Protein chains: 2
Amino acid sequence: MLRLTKKADYGLMALKYLAEHPETPSVSAKDIADTYGIPAQLLAKVLQRLAKVGLLKSHAGMNGGYALSKAARTITAFEVIHAIDGPLFITSCTKGSKSCDLEPNCTVKEPLARVNESIAAVLKSITVYDLVDHETAVSRAAQLQQLVSLTARM
Amino acid sequence: MLRLTKKADYGLMALKYLAEHPETPSVSAKDIADTYGIPAQLLAKVLQRLAKVGLLKSHAGMNGGYALSKAARTITAFEVIHAIDGPLFITSCTKGSKSCDLEPNCTVKEPLARVNESIAAVLKSITVYDLVDHETAVSRAAQLQQLVSLTARM
DNA sequence: TGAATCCAGACCAATGAGGTCGGACATATG
DNA sequence: CATATGTCCGACCTCATTGGTCTGGATTCA
């Protein structure tokens with residue numbers, strides 16, 4: 001179905017929340033989970049992975065929590081998804097290092113890999129800041145669709 | 001992980017095979033499965049769905065099999081994936097008709113829906129014919145990436 | 001008739017996602 | 001300094017979905 005996992009969704013929501021509240025030095029995972037009504041422990045695990053990659057800074061102890069380690073503009077959706085769900089491949093057989101083991105004459109993957117790169121490029125062009133301020137993301141997506149339809153017509 | 005299912009992969013491979021052999025009036029599911037080394041019964045079920053949707057014409061009996069019902073240029077990757085895996089949604093909570101039931105204040109989905117449409121547009125711009133003749137698909141994907149990077153820089 | 005093929009449904013197994021539990025650790029406060 | 005509170009953190013479990021198989025029936029051609 002080509003959908004990204006709920007964890008990635010939660011991660012994006014949490015980053016958006018942090019970007020919306022830059023004044024608070026660190027917000028706990030529980031607070032974010034409560035505001036969105038999602039399981040706290042699951043969100044905690046997601047945030048842990050984001051902290052491990054370096055997108056978030058964690059602070060233990062009382063009044064502890066998480067904070068963005070970079071500006072919201074410099075965090076792309078691709079980074080977040082990659083950190084949580086691992087490398088994204090549209091083709092199901094290309095799993096990291098080893099390629100199609102069963103079908104050596106599988107020539108379908110090559111063009112699909114290009115499609116994969118295009119999708120990655122789209123995700124890289126969306127930042128956490130765009131999630132907060134809808135206008136830029138919306139207009140950018142509209143532009144992209146126009147461009148795509150143009151190339152399809154050539 | 002944002003990957004499409006193996007069934008969709010198999011379907012695209014089969015359509016590519018049919019597009020490469022336009023002279024033969026009908027190819028059996030077993031033949032295609034043997035040439036690619038994929039389970040025959042699973043591919044059969046995939047082809048049945050494609051036939052049900054109208055992308056393929058089936059012919060039972062001896063020397064029977066499948067044939068494209070349209071020109072390869074007019075069959076998009078989006079159609080194939082949609083027929084096999086159902087509607088594609090990048091967000092995991094939007095399932096068809098009913099939207100996010102738990103989080104009414106989930107504002108992340110809106111911009112992601114635009115991203116979803118962009119990806120759909122990319123898939124709609126790739127046809128089965130493009131899978132056979134790599135050049136067009138490759139150059140088109142390269143163009144798309146350039147355009148994306150341009151909009152990202154604005 | 002019989003062989004080969006499509007078709008439809010139920011059925012099983014494994015992978016991975018969603019979710020939970022207990023422990024380690026850091027900080028605030030008396 | 002000691003304790004208690006609240007957080008991070010890793011391992012564990014359950015269950016839905018996917019990938020794949022099996023059985024039986026319908027259709028066509030030699």
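It should be emphasised that the depicted structure is a prediction, and the values quoted were computed from it without experimental measurement. So that the names make sense, note that chain A is the first sequence line, chain B the second, and so on, each numbered from 1.
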Can you tell which of [options] lies closest to the side chain of [X]?
X	options	result
A:Ser58	D:dG20, C:dA28, D:dC9	D:dC9
B:Lys7	D:dG19, C:dT27, D:dA30	D:dG19
A:Tyr10	C:dC7, C:dG19, D:dT28	C:dG19
B:Thr5	D:dT18, D:dT21, C:dC7	D:dT18
A:Ala60	C:dT5, C:dA3, C:dA26	C:dA26

Can you check the [X] [atom1] to [N] [atom2] distance for me, whole Å?
X	N	atom1	atom2	result
B:Asp34	C:dT5	CG	C1'	14 Å
A:Leu56	D:dC9	CG	C1'	15 Å
A:Gln48	C:dC25	CD	P	14 Å
B:Tyr66	D:dT28	OH	P	14 Å
B:Asp31	C:dC6	CG	P	9 Å
A:Ile38	C:dG19	CD1	C1'	12 Å
A:His59	C:dA26	NE2	P	11 Å
B:Lys57	C:dC6	NZ	C1'	16 Å

(message) Would the distance check show the side chain of B:Ser26 and the main-chain N or O of B:Asn63 forming a donor-acceptor pair, the cut-off being under 3.5 Å?
(response)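 Yes.
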(message) Taking any heavy-atom pair under 4.0 Å as a contact, classify B:Ala29: base, sugar-phosphate, or nothing.
(response)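 The answer is sugar-phosphate, as B:Ala29 gets under 4.0 Å only of primed atoms, P, OP1 or OP2.
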(message) Can you work out whether A:Leu42 or B:Lys52 has the more 5'-proximal nearest nucleotide on DNA chain C?
(response)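 First, find each residue's nearest nucleotide; the 5'-ward one identifies B:Lys52.
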Can you name the nearest heavy-atom pair linking [X] to [Y], along with the distance?
X	Y	value
A:Leu43	A:Ala29	CD2-O, 3.6 Å
B:Thr76	B:Leu123	CB-O, 4.2 Å
B:Ser69	B:Lys57	CB-CG, 3.4 Å

(request) Classify the side chain of A:Lys45 versus the base of C:dG19 as yes if they form a donor-acceptor pair under 3.5 Å and no if they do not. (result)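 Counting by modelled atom types and ignoring angles, a donor-acceptor contact under 3.5 Å is found here.
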(request) State which residue, out of A:Lys7, A:Lys6, A:Lys45, A:Glu79, fulfils the side chain to side chain contact (heavy atoms under 4.5 Å, CB included) condition with A:Ile84. (result)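 Answer after filtering A:Lys7, A:Lys6, A:Lys45, A:Glu79: A:Lys7.
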